[in-house]
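Data first, discussion second: the structure below is written as structure tokens.
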Amino acid sequence: MNVYAIFADHVREAIAALVEEGAVPAGLDVSRVVVEPPRDQSHGDLATNAAMVLAKEARMKPRDLAERIAGKLAATPHVAKVDVAGPGFINLSLDAAFWPKVLSFALMAGLDFGRSGLGAEEAVNVEYVSANPTGPMHVGHCRGAVFGDALARLLAFAGFSVTKEYYINDAGAQVDVLARSAFLRYREALGEEIGAIPDGLYPGDYLVPVGRALVAAHGPALKAMEEGEWLPLVKGFTIDAMMAAIRDDLDALGIDFDVFFSERSLVSAAADKVGTTIEALRTSGEVYEGRLPPPKGAPIEDWEDREQTLFRSTDFGDDVDRPLKKSDGSYTYFAGDIAYHKDKVERGFLKMIDVWGADHGGYVKRMQAAVKAVSAGKATLHVELIQLVRLFRNGEPVRMSKRAGSFVTLRDVVDEVGRDAVRFMMLFRKNDAPLDFDLAKVLEQSRENPVFYVQYAHARAKSILRNAFEAFPKLPEEPAAYADARLDRLDDEGELGLLKRLASWPRVVEQAAAACEPHRIAFYLHDVASDFHAQWNRGKDLPYLRFIMENDEELTMARLALVQGVAAVLASGLKVLGVDAVDEMK
RNA sequence: GGCCCCGUAGCUCAGCUGGAUAGAGCAAGUGCCUUCUAAGCACUAGGUCGCAGGUUCGAGCCCUGCCGGGGUCGCCA
């Protein structure tokens, strides 16, 4: 029940009625007509820009058009007052019975309040994390992971049919290095003195257990083999071990996937999907053999001008055409990624979202070009870039030295501050802005810590309800039972403000989903918490505003309906973010 | 040098896809609370939205050009 969407329909009906009467020209484009809450409360409950947006096309003055639309809207149910203001805004004031009805609806819907049909069950593929299986996840991965997961939850809540996907980069040179590194640990586990880990291999001691496991599985047999023989064995074994560790780490963050897609599976002996993809593009003229100019900027030492296999990404807005094969004849990462996205298209996804680190920004245009090419222009790829996280503890940067093989792992952070704090803070910032994450501050129990502030609001709501049930043992516990409380008795300014805030939840969901911006949910929840805490505090000075009025069960019940609504919206929103809504703070 | 992202109060950031007088928190200042509904509350002050043009009824938001910060620039993923 998105009241803004409902009234946007009313506005469009009003315009249609005027067209019917011949009062305004037919065929107006109403796509830009919106109904929103006015910035200033004194302007009423709802405002629409309809007259200003349509004035030019209708060849009328905005205010004249506004007057006519306003005349029609005056007859709409629940509209108490219509004003034309400013350059041509139409401001609507609703009657006192309206907002309580939204609360009743919300209480009936419970956690489903805010759920939207916006997506119309359209299939969306959200690909995120896709960390290389060459080691445990570190903090750098975690923002993208949380963002992708929250975005997937948000889109699902907004009515899309979402598939969450992880692309395992298990085919490149990196995983060969991984295998050699693991083999060294294997020899070590057999008692050999291996000394310092050579440059170019992964030094982290997370491979030590893998070495031991290889001994357990194969004994000393691998040692007698040539590299060509043991490498595939060790590689597969180690990747499996790394992916198991990564899944554990993701699980600690509350993240799971519908599909783990292996890059290796694209180039298996049975079917070279990369090759067939490239040849198909060659047939359609998007792939050719040619030469590239040397890259501008920092000179590349071993640049050689050679004829190579290129994808014509410039046809789709990219800056240069992009190579598909390395000088040794193997495919570039890009070539595999094209085949992978083609596979997604073939699985029926015309809407794809990839979540990448901001350092991959230069890759966006070519991938979007490729998606256009492999889908005959039918599919779209949105790429959300995630900026860096800087880790602090009490304001001091937490240094990590990757060179020594010791970095702050995702697991370290989750163990230190908890899943909820990590998730909420990762979402309490626009994804395209860098984020400072302070391990000490997120554990503070104060207003400055948004995680605590929001969770505490939910706990406080539950606490009020517990207290109320003691004062009035006959009161029902389930929220839906409050839907027909005497909500007309909610007449305080703060109560009405909170009511309207709750009523805007469905709109927030739709806008956040349309913009692929889960952080809006986090900020909205913070606003709800803020309104709620403020109302609670007002009861300190003004006892007649307290939620529990021991001498007035009817009023108490009405206010508890509001508290139930707050708890439901907070719980619903936190669920979208993947954060627990706790019933009490410890 | 090309491309991408960012620039909003002293600090950290929102700003609802172009709407009305640009908002929070922290810090600062002034009061209040010293007890209950659990870890404070209310008020005040604080702004040339990097700069300059443009688009239109209207721009923090869109376009162009500068300035500043970050990222990236065959055969890494």
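Order of the sequence lines sets the chain letters (A, B, ...), proteins ahead of strands, with each chain counted from 1. Everything numeric here is computed off the predicted structure, so don't read it as measured data.
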OP1 or OP2 of [N] less than 4.0 angstrom from a side-chain nitrogen or oxygen of [X], does that happen here?
X        : N     : result
A/Arg460 : B/A39 : yes
A/Arg63  : B/C57 : no
A/Lys540 : B/G40 : no
A/Lys326 : B/A77 : yes
A/Tyr456 : B/A39 : yes
A/Lys430 : B/A14 : yes

Candidate nucleotides [options], ranked by approach to the side chain of [X] - the nearest:
X        : options             : answer
A/Gln174 : B/U17, B/A20, B/C76 : B/C76
A/Gln387 : B/G40, B/C5, B/A20  : B/C5
A/Asn467 : B/C57, B/A38, B/A77 : B/A38
A/Thr332 : B/A39, B/C75, B/A20 : B/C75
A/Ser327 : B/A38, B/A42, B/C75 : B/C75

Residue pairs meeting salt bridge (Lys or Arg N to Asp or Glu O under 4.0 Å), one or both in residues 459-473 of chain A, sequence neighbours left out, come to none
Residues at least two apart in sequence or cross-chain that pass side-chain contact (heavy atoms from CB on, under 4.5 Å) with A/Ala581, listed by chain then number, are A/His458, A/Ala571, A/Leu574
Nearest-nucleotide check on RNA chain B, A/Val34 vs A/Phe523; residue mapping nearer the 5' end is A/Phe523
Heavy-atom nearest nucleotide on RNA chain B taken for A/Phe89 and for A/Tyr453; more 5' hit belongs to A/Phe89
| query | Within 45° of the axis and under 6.0 Å from the centre of the six-membered ring of A/Phe334, does NZ or CZ of A/Arg322 qualify? | reply | no
Query - Full working for side chain to side chain donor-acceptor pair (under 3.5 Å) between A/Glu165 and A/Tyr340 - result: CA-CA 12 Å; A/Glu165 195 147 323; A/Tyr340 172 44; 2.9 Å; yes
Which whole number of Å gives the distance between the [atom1] atom of [N] and that of [M]?
N     : M     : atom1 : answer
B/U72 : B/G18 : P     : 31 Å
B/G46 : B/C32 : P     : 24 Å
B/C41 : B/A52 : P     : 40 Å

A/Val320 backbone acceptor or donor facing A/Thr314 side chain under 3.5 Å: no
**Q.** Distance-only donor-acceptor test (3.5 Å): side chain A/Asn91, base B/A20
**A.** yes
(request) Report yes if a donor N or O on one partner sits less than 3.5 Å from an acceptor N or O on the other, where the partners are the side chain of A/His519 and the base of B/A14; otherwise report no. (result) no
When rounded to whole Å, the CD1 to C1' distance for the pair A/Ile338 and B/A77 reads 15 Å
